[in-house]
Protein chains: 2
Amino acid sequence: MAQAVRHDAMRARNLSLVLREVRTHGSLTRASLAEVTGLTKTTVSKLVADLLDAGLVVETGAVRGGERGRPGVEVRVSGDRVAALGLELNVDYLAVRVVDLARRVRLRLTQTVDNRLSEPLDVIGDLRRLALSALAQAEGTGLRVVGAGLAVPGPVDAESGEIHNAPNLGWRNVPVGAALDLGVPIRVENEANLAALGELWFGVGRADFLYVSGEIGIGAGLVVNGALFRGARGFAGELGHVVVTPEGPQCRCGARGCLEQYAGQDAFFDAVGDRSPYAPGIDAIVARLEQGDAATLAACDKAGWALGVALSSAINLVDPHTIVLGGIYAPLFPWIGGVVAETMGARLAQLRAQAPPVEVSQLGSEAAALGAAGQVLETVVADPAALSERLTDRRDPAPR
Amino acid sequence: MAQAVRHDAMRARNLSLVLREVRTHGSLTRASLAEVTGLTKTTVSKLVADLLDAGLVVETGAVRGGERGRPGVEVRVSGDRVAALGLELNVDYLAVRVVDLARRVRLRLTQTVDNRLSEPLDVIGDLRRLALSALAQAEGTGLRVVGAGLAVPGPVDAESGEIHNAPNLGWRNVPVGAALDLGVPIRVENEANLAALGELWFGVGRADFLYVSGEIGIGAGLVVNGALFRGARGFAGELGHVVVTPEGPQCRCGARGCLEQYAGQDAFFDAVGDRSPYAPGIDAIVARLEQGDAATLAACDKAGWALGVALSSAINLVDPHTIVLGGIYAPLFPWIGGVVAETMGARLAQLRAQAPPVEVSQLGSEAAALGAAGQVLETVVADPAALSERLTDRRDPAPR
DNA sequence: ATATTTAGTCCACAACGTAGACTAATTCGG
DNA sequence: CCGAATTAGTCTACGTTGTGGACTAAATAT
């Protein structure tokens, strides 16, 4: 709902605007900030002073060289004060990342473990240990971790931080957010959504794309104009259950002929006659593809065709600018990308000038954890004033 | 792109906030406005004074009765000063509506005509005559028409107001917006999108729903949190080309087995053996259904099943709260709504608590024209200050 | 060395919302 | 029927924030 704008809200917005422009341009002088924001030099100077106080930006010694006139002092986002924790709890691994406000990854902890074999609370305990260790290390280097994001493989109630139903883990109604209890605010979100945001902020993503996360389930994260599209109940992006053939094979969701039955990890591994679907599995598959194994190539064709069909529906409905393939589709991309693009092209080329390009994710399994951390950093950029208060409360009271 | 907030922007936003609250509550006193907006009584009084000056709200004599204390003077949105023009150019009719800021329809002009038989410029000329006549009548009653919206059956380039490709009219690259030349700003938009907005503002629509427009083509308009979802290029909502059966009948879009081949108006009329697809056609179909004609009932089942399949994909992808069926599906609803809901239920019930409810549009063929007018009124509510300037600066046709 | 140019700061000021005193108009209670 | 209580709305002094232009600072061009 729209909110009244008072002086403090005006200031908060302009502060956010300045910080955002600094980030998108890498570094900027106050004078050029005044130009790009439309604010006056005076105002920009005051805002930058506040951001410097809060430690969110720093002056680089560097100046703009070569031209006439007094050189400007550039400021850039500081990576030494504020950071966020990105967590991922997935079927076969746990991942923790610490990312600073300048979007540099400061710490990586990953643990490979089959979480389907353990009780939810034990898995959460493992993740908690990893996260607390990362927190301690980060704060040891002077970083203030302002929040955490957690990616889980399944739909999430964003308000309560509760996992509704994660079929691949076999979890139902697990309050992960509360159980983690890290001492910092935590936001829980679907893995595909966060991987999409990871791709947006740390990978190839432009402002508009559909990220496809091929895991045991197939999820999609839609980014529109730089923001995640969640749908009315937060369940958008269930690409795995888009119809490929309405009377096709039975899916565990109760329907028939869903994409997951053609291009999901299990279906794919079944098709190539391999029943070890985890990390070693995908490498073996790639090896076979590199050797030109006919059955495996055929499985790729089939999965790629189905993915192309489902994506055609998705493109007709939500019109993404680009398709980014992640998860297992990233290593398989050389063998699957072509079929996907061809299938889409055949179905879409006439109605649109051209089908959206199909690209491959650069981040691998790190995408979701990075997106989770990035989402927290985004809240800082969106309202630096809120953080500044928190910072000043903790430390010496800065002049207001 | 985020914009800097100056004093004038702050004021503009608060003005908009007050006007919006007045509209959503019907009528409000200054004191209750202060409560709901969070602004002080002083500020609200000043803002309301400006809105009264601009003629956007009026004081009702009515007061809040019964309770103790001085009674408050209620204000409500004024329908006597500002209005908008809603236009629709469709395959078999032209429609013009004048709607005032209080969302009352002040004038309806409709002309039934097969526009596929005429040159684009002639059709536009017809619409222009209707529109100018409506403009004159509206201004004769003291209304100031601040803009027009135009609904067309096909994807539109929103910037230029150009129809890209309207296959059902046989039009390509027609600059309708410019050609209409009404002397007021005009916004051109896809018919399904505007019908969705019409349903949102004038019909049954809640804040989140997917509107299905069954015409010769099948379009969809997705409303999320009260706003239209357009996709990256503005082509979202092409429900008619969502896959039902990947190797099904050839579609004119170049693909196979699109929804349009099963549930589009032409396909449907073919299935019942009727080749007169226009207004008389649908009434005849309904008559047959009322008589229990088996072939027609079977055609409804088939179309409803296909629609349910395609909507299942749509729901998995975009997670709308509700489905609203419009266009020809509205009169057919008693015979088609059940099949659609059952098909969806069978495919979705397990993954979600329940499939979205399926409702029927109340507006009939008026939806798009009303949405077009409503969209213009929305810009007034979003920035009353801009209009106020225009009103005072009489002579300047200020853009934006 | 001096003129020119650009960066950044300073200061008086304007725009807007706030706080709370004040006035206005009603109901309640005796 | 009249005064107390209560609520609506206005008025005035004030605080916060951005503005505009003068001013100072630091570089390059001639």
Side-chain angles (χ1 to χ4, degrees), chain A residues 2-18 22 25 27-53 57 59-75 384-385 388-389 399-400, chain B residues 2-18 21-22 25 27-53 57 59-75 383-385 388-389:
Chain A
Q3 271 298 306
V5 182
R6 261 80 63 89
H7 291 118
D8 53 344
M10 172 164 72
R11 184 134 240 266
R13 261 201 71 143
N14 288 337
L15 221 37
S16 166
L17 177 66
V18 167
V22 169
H25 288 83
S27 65
L28 277 177
T29 64
R30 291 168 177 78
S32 25
L33 269 169
E35 216 175 307
V36 298
T37 60
L39 296 163
T40 61
K41 286 191 295 176
T42 312
T43 305
V44 167
S45 278
K46 285 189 222 165
L47 294 170
V48 167
D50 273 17
L51 292 173
L52 285 167
D53 269 3
V57 301
E59 293 188 330
T60 65
V63 293
R64 181 226 45 189
E67 289 168 47
R68 292 177 71 155
R70 172 177 168 180
V73 180
E74 298 198 314
V75 295
S388 189
E389 276 179 335
R400 282 274 305 180
Chain B
Q3 272 297 308
V5 182
R6 260 81 58 93
H7 292 119
D8 54 343
M10 173 163 72
R11 182 138 243 264
R13 260 201 73 140
N14 288 338
L15 221 37
S16 166
L17 177 66
V18 166
E21 291 291 345
V22 168
H25 289 82
S27 64
L28 277 177
T29 64
R30 290 168 178 77
S32 26
L33 270 170
E35 216 174 308
V36 298
T37 60
L39 295 163
T40 60
K41 287 190 295 177
T42 312
T43 305
V44 168
S45 278
K46 285 190 221 166
L47 294 169
V48 168
D50 273 17
L51 292 173
L52 285 167
D53 269 3
V57 301
E59 295 187 330
T60 65
V63 294
R64 181 226 46 190
E67 290 167 46
R68 293 179 70 156
R70 173 177 167 180
V73 180
E74 299 199 314
V75 294
D383 190 4
S388 193
E389 274 180 335

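Per chain, numbering begins at 1; letters A, B, ... match sequence-line order.
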Side-chain donor/acceptor of B:Thr43 to base of C:dC16, under 3.5 Å: no

Exam field: side chain B:Ser16 to backbone B:Ala12, donor-acceptor pair closer than 3.5 Å: no

Whole-Å gap separating C1' (C:dT18) and NE2 (B:His7): 13 Å

Check: C:dA25 base within 3.5 Å donor-acceptor of B:Arg70 side chain: no

Whole angstrom value for the distance that separates P of C:dA7 from CD of A:Glu59: 15 Å

Gap between atoms CG and P, on A:Leu52 and C:dG8 respectively (whole Å): 12 Å

Distance, rounded to the nearest Å, where B:Lys41 contributes NZ and D:dC11 contributes P: 13 Å

B:Ser32 side chain reached by B:Thr29 side chain, heavy atoms, under 4.5 Å: yes

A:Lys46, nearest nucleotide to its side chain (from D:dA5, C:dT5, D:dG18): D:dG18

Side-chain H-bond candidate by donor/acceptor type, B:Thr43 with B:Thr40, under 3.5 Å: yes

Nearest listed nucleotide, side chain of B:Arg6, among D:dG9, C:dG17, D:dG18: D:dG18

Proximal nucleotide (of D:dT19, C:dG8, D:dG15) relative to the A:Ser45 side chain: C:dG8

No-H, no-angle donor-acceptor pair, A:Thr42 side chain to D:dG20 base, under 3.5 Å: yes

Whole angstrom value for the distance that separates P of D:dT17 from CE of A:Met10: 7 Å

A:Arg30: which of A:Glu74, A:Glu35, A:Glu59 passes salt bridge (charged side-chain N to carboxylate O under 4.0 Å, His left out): A:Glu59

Side chain of B:Pro71 (C-beta onward), nearest among D:dG18, C:dC16, C:dA25: C:dA25

Whole-Å distance separating the CG atom of B:Leu17 from the P atom of C:dG17: 11 Å

Along DNA chain D (nearest heavy atom to each residue), the more 5'-positioned of A:Leu47 and B:Ser32: B:Ser32

Value in whole Å for how far the C1' atom of D:dT10 lies from CZ of B:Arg30: 10 Å

B:Asn14 vs C:dC16: side-chain N/O to OP1/OP2 distance below 4.0 Å: no

B:Arg11 CZ to C:dA14 C1', straight-line distance once rounded to whole Å: 14 Å

B:Val22 to B:Val75 - nearest heavy-atom pair and separation: CG1-O, 3.7 Å

